[in-house]
*Asks:* 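Below: one structure in structure tokens.
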Amino acid sequence: MPVTPARPSTTTTDIGAVADIVDVLVIGAGPTGLTLACDLARRGVGVRIIERFDTPSVASRGKGLQPRSLEVLDDLGVAAEILTRGSVRLPVRMVTADGTVLDRDPITVPVSDPSTTPYPEALWIGEFDVEGPLRDRLALDGVHVEFGTTATAIEHHDDHVAVVVATADGEQTIRARWVVGADGGRSAVRHALGVAFEGFTMDARWYLGDVRLEGLDHSRQYIFPTADGMIGLTPLPTTDLWQWQSTTEAGGAAEEPSLGLYQRLLDEHLGAGHVTLTDATWLSLYRANVRLAEQYRVGRVFLAGDAAHAHSPAGGQGMNTGIQDSWNLGWKLAAVVHGADAALLDTYETERRPVAAAVLAMSTDKMHTFRDNAGGGAAGVDRGLDGMGGDDTTGLSIAYGAGPLSLDGRPSVRAPYATGLRGDGFAGSTFDLLRGPHWTVFVFSDDPAATDMFASTPSDVHVHRIGAGAIVDAQGLATERYGAIAGTVVLVRPDGYVAATVDLSSAGVIVDHFAGFGG
């Protein structure tokens with residue numbers, strides 16, 4: 001995809017008069033792109049989302065949603081539907097080459113304190129069953145994925161980006177004030193921008209696929225340790241499909257994936273006739289990349305998801321990190337579209353790129369653990385696959401370093417979840433108060449006048465007093481988890497991260513923040 005540099009062009013006034021101008025163009029309609037488009041659309045941002053494939057994906061690909069991603073999807077209103085399409089805590093059956101059968105607890109483990117999130121366990125689910133509900137949610141705001149639309153060139157202008165696309169009706173140009181490349185690990189957008197994708201390709205190769213079969217119980221996950229590693233078969237809930245995942249010889253030649261090859265690998269391990277593969281909807285030969293984009297932004301174009309970072313499959317992090325990229329970027333783009341200082345967008349890279357670097361290191365360590373233990377029988381595979389869940393992979397502990405969005409000079413952490421709140425016409429949790437495209441102020445005080453100073457804040461700032469005569473924290477969970485005392489004020493960003501925790505006497509910094517925010 002060719003790209004041309006910025007040059008003097010149409011003024012902002014002129015481009016606003018062009019009929020096909022859109023606020024944001026999202027390139028790529030996987031979970032990352034769809035999450036971003038949903039968040040932008042609900043915030044009243046004009047958005048288009050294009051996808052080069054002609055139809056929605058039928059591949060399971062990433063098959064695990066972590067607790068923080070489920071919280072994001074809850075805020076968008078799709079978590080309930082997605083939960084019906086997935087499973088938690090799949091029991092595992094291991095069968096070794098000598099026929100030994102070992103039933104064990106699920107690979108996923110809940111967070112150490114399940115009361116700290118409404119979604120304490122990772123969810124097994126095919127990627128297509130995440131994308132479907134997100135497309136439905138997007139349609140509620142009148143936005144539909146434009147399939148069969150391939151970006152072929154990007155031209156930068158001072159106040160917009162012109163993206164040339166190929167469609168069934170011929171070549172067209174989409175003009176957008178901002179563009180986000182969420183088009184996967186081989187991102188055409190990233191290549192067009194000339195952004196380096198630093199890292200390495202692992203020697204290990206994997207056979208992947210979605211298959212139908214006879215001979216196994218669809219309510220459990222199966223792992224077959226082999227001399228080279230393992231064969232894994234994970235049932236995909238609400239379907240009759242299984243995701244196949246198996247190792248090949250490290251660094252050696254691998255055959256093209258086929259149903260016949262996968263059947264032979266099963267037969268070599270279990271013996272012929274025990275399990276019969278009957279069909280496949282997707283087959284792939286995968287070689288893990290561990291890479292990180294040198295930068296996440298070039299002018300008016302951003303990278304998100306796999307276009308910005310490529311992971312090993314260990315730990316179930318790729319899809320989740322992409323969803324959370326979009327959650328960080330969406331509200332910032334919307335604010336700038338509505339008048340905020342464009343410098344706000346610089347915080348996307350400074351906050352999200354370090355997170356991706358840390359996740360890459362973690363998932364790579366897990367993959368090396370697996371390779372080191374491969375061939376060690378059931379115990380070796382067990383050690384290598386542990387970690388799809390648990391406190392280190394949930395996304396709940398991610399924090400952003402102190403920066404321009406940290407009004408108290410401290411890192412921004414995820415706003416705690418606390419239940420047991422009661423008020424006039426309200427009963428629920430802190431997340432019920434946070435849900436939606438707005439900033440939130442919690443004022444912990446029994447004084448009804450404690451919120452008076454926030455009367456002039458914009459309408460998209462929701463102020464809640466937690467104390468006598470307002471929202472009562474009868475169990476004390478919110479007070480405890482927010483570290484609050486009488487007079488504590490907490491400002492929570494639209495993406496659910498704490499921007500400030502201050503005393504009421506110092507809360508003018510919050511009022512001043514909105515006075516200068518500009519949108």
Side-chain angles (χ1 to χ4, degrees), residues 1-7 9 24-33 35-37 49-52 149-166 174-202 287-312 317-330 332-333 336 342-361 363-364 400-401 403:
M1 181 199 299
V3 60
T4 59
R7 58 178 176 77
S9 66
V24 181
L25 172 65
V26 179
I27 301 175
T32 298
T35 298
L36 179 60
I49 178 169
I50 64 173
E51 170 57 55
R52 65 187 180 92
T149 304
T150 303
T152 60
I154 295 176
E155 182 179 281
H156 293 271
H157 296 260
D158 290 345
D159 52 10
H160 74 285
V161 180
V163 180
V164 179
V165 298
I174 300 174
R175 294 175 176 83
R177 292 182 173 87
W178 306 96
V179 173
V180 181
D183 52 340
R186 298 180 180 179
S187 172
V189 174
R190 188 187 64 244
H191 284 291
L193 297 175
V195 173
F197 204 36
E198 298 172 344
F200 62 95
T201 300
M202 288 185 164
R287 194 170 183 179
N289 280 287
V290 180
R291 298 184 183 276
L292 182 62
E294 185 177 41
Q295 60 194 98
Y296 278 23
R297 177 186 182 185
V298 177
R300 291 178 170 270
V301 184
F302 299 83
L303 299 174
D306 290 348
H309 40 78
H311 305 253
S312 87
Q317 294 299 299
M319 173 169 57
N320 294 276
T321 306
I323 287 172
Q324 292 163 52
D325 284 347
S326 292
W327 203 237
N328 183 282
L329 180 58
K332 296 173 182 178
L333 275 172
V336 171
L344 174 64
L345 297 173
D346 293 335
T347 65
Y348 167 60
E349 179 174 327
T350 58
E351 290 187 337
R352 290 303 300 171
R353 193 173 183 276
V355 170
V359 170
L360 285 172
S363 61
T364 302
Y400 301 134

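Scope of the values below: all heavy atoms of this structure, side chains included, with no hydrogens, waters or symmetry mates.
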*Asks:* Minimum heavy-atom separation for Ala310 and Leu360, please, with both atom names.
*Replies:* O-CD2, 2.8 Å

*Asks:* Evaluate the criterion side-chain contact (heavy atoms from CB on, under 4.5 Å) for residue pair Val180 and Leu333; output intermediate values, then yes/no.
*Replies:* CA-CA 10 Å; Val180 181; Leu333 275 172; 3.9 Å; yes

*Asks:* Quick one: closest heavy-atom pair of Leu303 and Tyr348, and the distance?
*Replies:* O-OH, 2.7 Å

*Asks:* Measuring from atom OH of Tyr400 to atom OG1 of Thr347, what distance do you get when rounded to the nearest 0.5 angstrom?
*Replies:* 9.5 Å

*Asks:* Would you find a donor on one side and an acceptor on the other, under 3.5 Å apart, between the side chain of Arg52 and the backbone of Gly28?
*Replies:* no

*Asks:* How long is the straight-line distance from CG of Leu25 back to OG1 of Thr149, given to the nearest 0.5 Å?
*Replies:* 10.0 Å

*Asks:* Can you find a pair of side-chain heavy atoms, one from Met202 and one from Val290, that are under 4.5 Å apart?
*Replies:* yes

*Asks:* From Asn320 CG over to Thr32 OG1, what is the distance, rounded to the nearest 0.5 angstrom?
*Replies:* 9.5 Å

*Asks:* Would the distance check show the side chain of Ser187 and the main-chain N or O of Asp183 forming a donor-acceptor pair, the cut-off being under 3.5 Å?
*Replies:* no

*Asks:* Measure across Ile27 and Ala151 and return the closest heavy-atom pair with its distance rounded to 0.1 Å.
*Replies:* CD1-CB, 4.0 Å

*Asks:* When you compare the side chain of Gln295 with that of Leu193, does any pair of heavy atoms fall below 4.5 Å?
*Replies:* no

*Asks:* Whether the side chain of Arg300 engages the backbone of Arg177 through a donor-acceptor N/O pair (distance < 3.5 Å, no angle test) should be reported.
*Replies:* yes

*Asks:* Could you walk me through whether Leu292 and Glu198 pass side-chain contact (heavy atoms from CB on, under 4.5 Å), step by step?
*Replies:* CA-CA 5 Å; Leu292 182 62; Glu198 298 172 344; 5.9 Å; no

*Asks:* Heavy atoms, side chains only, cut-off 4.5 Å: are Ile50 and Ile174 in contact?
*Replies:* yes

*Asks:* Just verifying a value: how many Å separate Thr321 OG1 and Asp306 CG, rounded to the nearest 0.5 Å?
*Replies:* 9.0 Å

*Asks:* Going through the distances and angles, do Thr201 and Arg291 end up as a side-chain contact (heavy atoms from CB on, under 4.5 Å)?
*Replies:* CA-CA 8 Å; Thr201 300; Arg291 298 184 183 276; 3.0 Å; yes

*Asks:* Closest heavy-atom contact between Ala192 and Ile154?
*Replies:* CB-CD1, 4.4 Å

*Asks:* Enumerate the salt bridge (Lys or Arg N to Asp or Glu O under 4.0 Å) contacts for residues 343-359, please, sequence neighbours excluded, ordered by first and then second residue.
*Replies:* Arg297-Asp346, Asp325-Arg352, Lys332-Glu351, Glu351-Arg493

*Asks:* Please round to the nearest 0.5 Å and tell me the distance separating atom CZ of Phe197 and atom CD of Glu294.
*Replies:* 12.0 Å

*Asks:* Using 0.5 Å steps for rounding, measure from the CG atom of Leu329 to the CG atom of Leu345.
*Replies:* 7.0 Å

